[in-house]
Structures are given as C-alpha cells and as structure tokens.
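Not measured: the values here are computed from a predicted model. Throughout, protein chains are lettered first and strands after them, A, B, ... in sequence-line order, and every chain is numbered starting at 1.
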2 protein chains.
Amino acid sequence: MKRITIKDVARVAGVSTAAISYALNGKESKVSTGTLMKIQEAVALLNYIPDFSARSLVNKKSYLIGVVIPETEEHNQMILENPFYSEIVSAIESELRKHNYHLILTGTDKGKGYFDLSMQRNLDGAIIMGIYHESFYEELKKVNIPIILIDSYINDTYFKKIGIDDRCGGGLATRHLIENGHTQIAIVTGEIKRNGVVEERFLGYQDALAEANLSYSLEYVFEESTSYEHGVLAGKRIASNHPEITGVFATADIVAFGIISGLNECGKRVPDDISVIGFDDITMSRMFIPPLTTIHQDIKAKGIQAVNCLIQAIQCIASNDHEKITLPLSLMERQSVKKI
Amino acid sequence: MKRITIKDVARVAGVSTAAISYALNGKESKVSTGTLMKIQEAVALLNYIPDFSARSLVNKKSYLIGVVIPETEEHNQMILENPFYSEIVSAIESELRKHNYHLILTGTDKGKGYFDLSMQRNLDGAIIMGIYHESFYEELKKVNIPIILIDSYINDTYFKKIGIDDRCGGGLATRHLIENGHTQIAIVTGEIKRNGVVEERFLGYQDALAEANLSYSLEYVFEESTSYEHGVLAGKRIASNHPEITGVFATADIVAFGIISGLNECGKRVPDDISVIGFDDITMSRMFIPPLTTIHQDIKAKGIQAVNCLIQAIQCIASNDHEKITLPLSLMERQSVKKI
DNA sequence: TTGTAGGCGTTATCAC
DNA sequence: GTGATAACGCCTACAA
C-alpha cells in the first residue's frame, strides 16, 4: 500500500501542491474558496495524512517532546513504578496531546547522555525529572532547545524550573510531628544529592528541629534510597534499636509505606506505637492502611504547568521571567500520626 | 547553531557523502580502510548525529514504536496510575531502548483513532493495551504495520497477541478460596467487556464454583470499574449487606486494596473476618497491609516479550506462527486469605 | 573503491 | 490566487 502524498491530493483536486500546503497550514487566505473546497474534498476522499518526517525536515519542528525520568541502577528501567512519576507522566501526556505534541518517554542510562536522542529526533523541547551529573546538563544545553527541569535545584538560568518549596515542606512535616508532642524524630530518606529535593526536605527537617530546640542527631538519619525496601529496613532498625523514637518523617510516601511495614513486622503499630508522616501524597497514600498523613503536592498540576511553560518557551511567547515556578504545598492529615 | 549534516562530514573528511553513508550503515565493505578512518575521525570531531527525519523519509523506517494504554473516561488521562501499566511500560521502554527503538506513549481518546498518529509518525509498529471498539482495530489494520495486543482476546489473526490464561487464573484464585473452606464467595470486578481479560477471569470464577458444586449468584457479582474506588464501595456493601460472605475474589489487585479499605471502614478485618484474593501481583501488593494474596503474573516478562515479538515481526523474521503467546501464572500466597 | 545525482514528502520562494 | 521549483538531510542506484 503506497502512501498518499500531497501530490496525490494535488492531482485529484486538480491544483498544485502549494495550494494544498497553504490550505492545510492555516494560510487559507492565500487560497480561493473554490479551490479550498476542492482540496478539502480530495483530502477527505483520499484520507490524506501528512508525513511529519518530511515536515520536520523542512521546518525544523518535530512536535515531539522528550520526557526523561530516572531509572533504577540495577535494571536500567525507568522508575515509573514510583507512582509519583506515573502520575506526573500521565498529566504531561494528556496536556501535551491537547497541544498536538507527542511524547517520547525514556529513562536515561547515566552513561550516554540525552544529546543524541534530542538531535536525532529534532525534539522541540524536553522535560527532565531527576538529578544527574553536571555533564548531563551541559550536554543538554548544547542541543539548544527549551528544557524544563522538574524538581531540580540546579542553579543554571538556561533551564526553566518547576517545583515546590521542599525545604518548607520538610519543615511542615517535621513541625506537625513536633506539634503532636513528638521530640524524638527520625528522618528516613533517599540519597541526599546536591541540588536535589531530598536535600531540601532534609534541611527543612533540621530547621524545624532547631526552631523547637530539639537536638539533631546523625543517628536519626536513615539515608539510603527512595524505595519501599529501604523503608522496611529503616523501620526494622528503628523498632529494634531505637525504642525512644516516636515520630518518623519519610521524605517520600513510598518510603513511608516501607517504614510502616517494617515497623509492623517488629510488632510496632502505626500510629499507636509510632507516628509516620510522608511526602508527596501520591494516589496510593490515601489507599494505604492506615491512610498516610503526608505533605500534599499537586502532582498533576506540576505536569500540566511544565507542559505549558515548555510550549510557551517553544513558541517564544514572552519568556515570562519566572525562571522558577513554585507550586503550593499543604499538610494532609490522615491517620498515621498520633498525638502523644 | 547550524546542524551538522552529512555534507559537513564529507567536506571535513575529504570524501563523498556516499562514503559516509556507507560507513555509518553497516556497509563498511564498500569503503576502503583508509577512508573509513578519515570518516570516523571527522564524525568524532564534528560530533555528527544523523537526522532521523531525513533517514525515515528515505527508507520508511522511523525506529519509533507506538505504545497505547487506555485512559480514564473523566480526565482523558492515561491510566498510568494503575501500577500494572506503569510496570509494563517500564519494561517495554527498557527493552525497546536496548534495540535502539524509541517509544511514543499515548492514551487514546476513543473518539479519534490511532490511525493518524501512526501515519504521521511512520510508526514501525505498535503495542496496544486495553479493549476498544471494533472500529479501532479495523482502522489500525489499515496502517499496515505489525501490532501486538497485550491482554486481548480479540479474535483476529492480523494481530499478534500476548497474554496469560485469565480464565485459568480466575479459577486458581477462586479455587484457593474454596480450598480454604470458603463457600460464600463474591467477585468484585471492572466492567466485563467482551474479549477482555475480566470476562475470562469471571468465567474462571464460575468454573471453580461449578466444580465445587457451589451455587453461583448474581448478587455476589460486583461489577463496575477496575478502580480502588469501586473496591471501597463493594467492600462496604459486602460488609453491610452480606454478612454471610467470607471470601472475595478481586479481578485486580488495585480493586482488592479498595475492598480491604471498605471492609475496614465497616469494622471488618482482613483476613480475620473475611478473606480477599487479588489478581496481577503488582509491586504494591506485597507492600500492602496485609500483604495481598493474589494471582501472580510476570508483568515485566510480558512487556519484554511483547517488544521482542514486535521487533521480530518488523524485521520479518520467520513469523513464528505463535499467533498468541501465553505466559505462566501462579498463586502467590500472602496474608489476606485465611482458612476457615 | 569512489563520487554524482535523483528522490523521499513537505514547505516556502518566487515568478506568473 | 496560483503553480513551478528549490531546498531540508539522507540514502542508494548508477556511473566512473
């Protein structure tokens, strides 16, 4: 089956290819009503669908957006299993489609960068999640397309950034524990990378502790990976080695789930024996038992804003000088924290 | 910044564009060792990256695979929030990348089909999840590219299919409940669509009931949507209207989570008061409290197989006449089912 | 072994 | 208004 091309349409409609192109690209003014109708008929008759490759070749627009999310060290798989990423990717795809863009989703092995892909595919823009080596960002800049960083504290004005005030959130969470009478508060967290969100959340934790004149101890910091498994381990260690701890701040909900399970395995109940607060408010958090008290952020809004910001940049609409958009945060009280 | 083209490389290397093309496309034999080296140097020096659009234009290969997953009725968003889809998409992306393909991920509004996208982008193939109207598949066939259907019982030899024996799985789950002494067994399920997986799982439920001479009653069928929310509702209704029910088969883990929550809200505990078994064994199931007894399927394997099957079809490698690949299933006993 | 040139499907620049 | 025609970047006969 041969592809229907613009020439076929031209032949059937009895006009030139130029006319077709005008008619189909919002330049109807350059075409008389009569020919316009003939064209529309022919297009419908032949079911003509333009070839984006050809189009992209001439006007350097691909209507393709790259979205990258980090991947697991072990399996080279995108960590889409982390519900946070699933939710935001859903929102991004939906919003992108509304604007007639398509999305190429990839994980990225930190070895090879994203430069090749961007060039090969002539990406119109990219949305990047996760924290990478500096070289990754330098490469990215060379591609010279608009790029949105989600949840990054990279200090580089080339990139537009969208995120939340993680430090404030970390404070909010810890303070909630304190207000409920807790004084021995642990933090369980993924790797604290420079310029990453967990670093900020960790700082917020320290802020709140200091405010309340509570001492901060490294023994109460369980740093490893943002994963359920790490949560389980930390939960067990807290249960067996730190009976004095009554409150735990997990820097991600998925970690909080792990903590609660680990605690349970050791016979400690949440929130009766120990309180746990999470961060993100992923969909699963309200489904969990007990429903998780957590710091709520609007994940979908984050994705939608990222898309709109990106598309504005692509179309060079007045680059509103907001280099960084910060979305609101709130405390979501459910049932994993108890007053003592 | 102007793009580096094959001509630039040719100029720098002091050879023709043809030589470059040969050297870069596995036809090194047509090029002498000397020029090959000069070419490699020039490529490295200029950091030349071929343009896929141009390439696609001439050889009708895009190295782009379309992946579509169903979307919510309300928000036109992909239901990537369903962890089942997240997991399988992760696996697909990873495997695809290994083979140098990229993935365009979309939801699909059932109004407009997938035909346009496939044509516009010259997709090399597609992987489709979910159940759609017949017209959707008819359109798809016209595109004339290899297509893999995951978890579909559509009876059309055009498509390669990959899935599990859902009927057997439904039987396995129900039988497990029966073997544990349950006789009043409800089923909570998403919409039972023709050719869909839940229909088969439902059939398996009936099989097991019949085998054990247990009566089947429509009152015990809670059909609505494959969602947490529906599970909650069903759980509540079971708790308040059907005290005689002691076992529940949920046709998806996410539904099982809802049921357990709904039951809890009404003061019923799982598994002490009532047993619940799920289906799929998503990652979350072992994290849930109580850890969910469920029918295990290898979600990642499903994604990987789909990719390999698709790529084989694309490369026209002996279309191994397996029109349908069926992956194994097993019972995963955890703690949501109790012997009575 | 190497280089020239035509064509893939579009868009855009011209003349008419 | 309309229609040739030259790009866009690449591949591949074909000729040298």
At under 4.0 Å between heavy atoms, what does B:Phe52 touch on the DNA or RNA strands: base, sugar-phosphate, or nothing?
nothing
Using a heavy-atom cut-off of 4.0 Å across all strands, would you classify A:Lys60 as base, sugar-phosphate, or nothing?
sugar-phosphate
Crowding at OH, A:Tyr153 (>12 non-hydrogen neighbours, <6.0 Å)
yes
Atom NZ of A:Lys7: over 12 foreign heavy atoms under 6.0 Å
no
Is there a side-chain contact between A:Thr5 and the phosphate of C:dG9, meaning an N or O under 4.0 Å from OP1 or OP2?
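Looking at the OP1 and OP2 atoms of C:dG9, neither is under 4.0 Å from any side-chain N or O of A:Thr5.
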Qualifying residue for side-chain contact (heavy atoms from CB on, under 4.5 Å) with A:Ser86, from A:Ile299, A:Ile69, A:Ile79, A:Leu80
A:Leu80
To the nearest Å, give me how far apart [atom1] ([X]) and [atom2] ([N]) are.
| X | N | atom1 | atom2 | answer |
| --- | --- | --- | --- | --- |
| A:Leu57 | D:dC10 | CG | C1' | 8 Å |
| B:Lys61 | C:dC8 | NZ | C1' | 17 Å |
| B:Ile49 | D:dC10 | CD1 | C1' | 15 Å |
| A:Ile39 | C:dT11 | CD1 | P | 12 Å |
| A:Asp51 | D:dC10 | CG | P | 16 Å |
| B:Ile20 | D:dG9 | CD1 | C1' | 13 Å |
| A:Gln120 | D:dC8 | CD | C1' | 18 Å |
| B:Lys7 | C:dG3 | NZ | P | 15 Å |

Under-4.0 Å salt bridge between A:Lys38 and A:Glu41
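No, this pair does not count.
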Within 45° cone and under 6.0 Å: B:Lys61 NZ/CZ vs B:Tyr63 ring:
yes
What nucleotide, of [options], holds the atom closest to the side chain of [X]?
| X | options | answer |
| --- | --- | --- |
| B:Arg55 | C:dT11, C:dG3, D:dC11 | D:dC11 |
| B:Asn59 | C:dG3, C:dT13, D:dC11 | D:dC11 |
| B:Thr17 | C:dA5, C:dC8, C:dT10 | C:dA5 |
| A:Val58 | D:dG3, C:dT11, D:dG9 | C:dT11 |
| B:Ala19 | D:dC11, D:dG3, C:dG3 | C:dG3 |

Contact check, side chains of B:Asn47 and A:Phe115, non-hydrogen atoms, under 4.5 Å
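Sidechains of A:Phe115 and B:Asn47: in contact.
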Sorted by chain and residue number, the salt bridge (Lys or Arg N to Asp or Glu O under 4.0 Å) partners of A:Lys27 (sequence neighbours excluded) come out as none
Output the residues of residues 22-37 of chain A in contact with DNA chain D, where contact means a heavy atom of the residue under 4.0 Å from an atom of the strand; sort by number or write none.
A:Tyr22, A:Lys30, A:Val31, A:Ser32, A:Thr35
